[in-house]
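Below: one structure, written as structure tokens.
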Amino acid sequence: MRPATAGREELVRMGYSIKTIAQKSGLSQYTLRYYEREGVLPVVGRDANGNRCFNDEDLELISLICCLKDTGMAIADIKQFIAFSQEGKDRLPDQRRLLQEHKQHIDEKIKFFQSFARKIDHKIAYFASLENEAKASGNHKTV
């Protein structure tokens with residue numbers, strides 16, 4: 001079995017530049033650097049010139065970070081989730097708990113927006129009926 005550092009060096013050689021990861025993730029290079037600096041994204045490997053060199057595992061983690069952030073998880077909570085993942089299997093219950101709490105928050109938001117969607121559906125139906133009445137009566141004025 002190869003040492004972990006040898007595997008990481010191999011991955012670094014086969015890695016992606018920050019520009020490529022920015023394009024693939026939709027995040028700016030500045031945001032990626034910020035996430036690394038603040039500990040949201042674990043330390044990224046470097047190439048021989050000291051440039052960040054991301055691998056597929058980094059890209060998958062960035063995708064998860066984006067998912068959590070885009071669904072309203074606070075950066076501090078994302079950072080905590082990532083820290084738990086680096087601490088090992090003993091922290092799996094903590095990771096699961098964080099995700100369960102976040103999922104509950106998402107479900108509440110979905111219900112909240114579904115009530116607005118129903119209201120908008122009623123208004124759409126109302127305006128469709130007004131249009132039909134106007135066509136039937138020959139009156140094409142809109143208000």
Side-chain angles (χ1 to χ4, degrees), residues 1-2 4-5 7-47 49-143:
M1 182 173 202
R2 293 183 311 187
T5 55
R8 181 66 184 173
E9 289 169 6
E10 182 179 315
L11 290 172
V12 168
R13 283 196 305 268
M14 299 183 336
Y16 305 103
S17 69
I18 193 168
K19 180 179 179 182
T20 300
I21 290 295
Q23 291 168 342
K24 286 179 176 278
S25 69
L27 297 175
S28 69
Q29 293 179 37
Y30 173 82
T31 299
L32 290 166
R33 288 184 194 102
Y34 171 79
Y35 282 176
E36 183 183 12
R37 186 173 57 250
E38 294 300 314
V40 176
L41 186 61
V43 175
V44 175
R46 303 286 176 146
D47 65 15
N49 296 321
N51 298 312
R52 286 173 182 82
C53 198
F54 296 83
N55 59 41
D56 288 330
E57 190 176 302
D58 295 325
L59 184 57
E60 182 62 31
L61 181 57
I62 290 166
S63 174
L64 176 60
I65 290 168
C66 289
C67 171
L68 295 173
K69 184 176 179 304
D70 290 347
T71 55
M73 185 179 271
I75 292 292
D77 291 336
I78 296 171
K79 188 175 176 177
Q80 183 64 66
F81 178 82
I82 300 302
F84 286 156
S85 72
Q86 293 180 317
E87 291 176 24
K89 292 183 180 180
D90 289 344
R91 299 314 294 260
L92 289 173
D94 297 313
Q95 286 182 283
R96 181 181 43 78
R97 179 188 47 77
L98 268 175
L99 289 179
Q100 284 175 322
E101 290 171 1
H102 184 62
K103 175 68 167 62
Q104 183 177 356
H105 178 71
I106 291 169
D107 289 343
E108 290 168 4
K109 278 187 171 181
I110 289 170
K111 285 180 187 176
F112 179 72
F113 282 106
Q114 283 175 335
S115 69
F116 288 133
R118 284 190 297 275
K119 185 175 197 103
I120 291 169
D121 284 341
H122 290 297
K123 283 296 180 183
I124 290 169
Y126 171 73
F127 284 109
S129 69
L130 289 180
E131 286 179 56
N132 290 335
E133 288 175 20
K135 287 179 187 174
S137 69
N139 183 359
H140 295 292
K141 280 188 174 179
T142 60
V143 180

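- Interatomic distance, L130 CG to K123 NZ, rounded to the nearest 0.5 Å: 9.0 Å.
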For this session: Verify side chain to side chain donor-acceptor pair (under 3.5 Å) between R118 and Q114, making sure each step is shown before the conclusion.
Result: CA-CA 6 Å; R118 284 190 297 275; Q114 283 175 335; 4.8 Å; no

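- Remark: D107 does not engage K111 in a salt bridge, criterion side-chain N to carboxylate O under 4.0 Å.
- To the nearest 0.5 Å, atoms CG (L32) and NZ (K19) are separated by 14.0 Å.
- Once rounded to the nearest 0.5 Å, the distance linking CG of L64 with CG of L99 reads 7.0 Å.
- Side-chain contact between K69 and I75 is present, with at least one heavy-atom pair separated by less than 4.5 Å.
- Counting only heavy atoms from C-beta outward, the side chains of D77 and H102 never approach each other to under 4.5 Å.
- Residues F54 and I18 have side chains in contact (heavy-atom distance under 4.5 Å, counting atoms from C-beta outward).
- Residues I78 and M73 come closest through the heavy atom pair CG1-SD, 3.5 Å.
- Between T71 and K109, the closest heavy-atom pair is O-NZ, 4.2 Å.
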For this session: I would like to know whether R46 and N51 meet side chain to side chain contact (heavy atoms under 4.5 Å, CB included); could you show each step before the answer?
Result: CA-CA 5 Å; R46 303 286 176 146; N51 298 312; over 6 Å; no

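- Ring planes of F116 and F112: perpendicular class, angle over 60° (limits at 30 and 60°).
- Side-chain N or O atoms of S137 include one that pairs as donor or acceptor with a backbone N or O of E133 at under 3.5 Å.
- Residues S85 and Q95 approach most closely at CB-NE2, 3.1 Å, considering heavy atoms.
- Note that CG of D94 is 8.0 Å distant from CD of E87, once rounded to the nearest 0.5 Å.
- Here C53 contributes atom SG and I21 contributes atom CD1; the two are 9.0 Å apart, rounded to the nearest 0.5 Å.
- For the pair Q29 and A22, the tightest heavy-atom approach, listed with the atom from each and the gap, is CG-CB, 3.9 Å.
- Y126 has its side chain out of reach of E131: every pair of non-hydrogen atoms, C-beta onward, lies at least 4.5 Å apart.
- For the atom pair CZ (R37) and OH (Y30), the distance works out to 5.5 Å, reported to the nearest 0.5 Å.
- Side-chain N or O atoms of N55 include one that pairs as donor or acceptor with a backbone N or O of E57 at under 3.5 Å.
- The closest side-chain donor-acceptor pair between Y16 and D56 falls under 3.5 angstrom.
- The environment of CD in Q86 is crowded: more than 12 heavy-atom neighbours from other residues, nucleotides or ligands sit within 6.0 Å.
- When side chains are defined from C-beta on, L92 does not count as touching F84, because their heavy atoms never get closer than 4.5 Å.
- Summarising the geometry of C66 relative to S25, their closest heavy-atom pair is SG-O, 4.4 Å, with the distance given to 0.1 Å.
- Summarising the geometry of I82 relative to I65, their closest heavy-atom pair is CD1-CG1, 4.3 Å, with the distance given to 0.1 Å.
- Between L41 and Y34 there is no side-chain heavy-atom pair separated by less than 4.5 Å.
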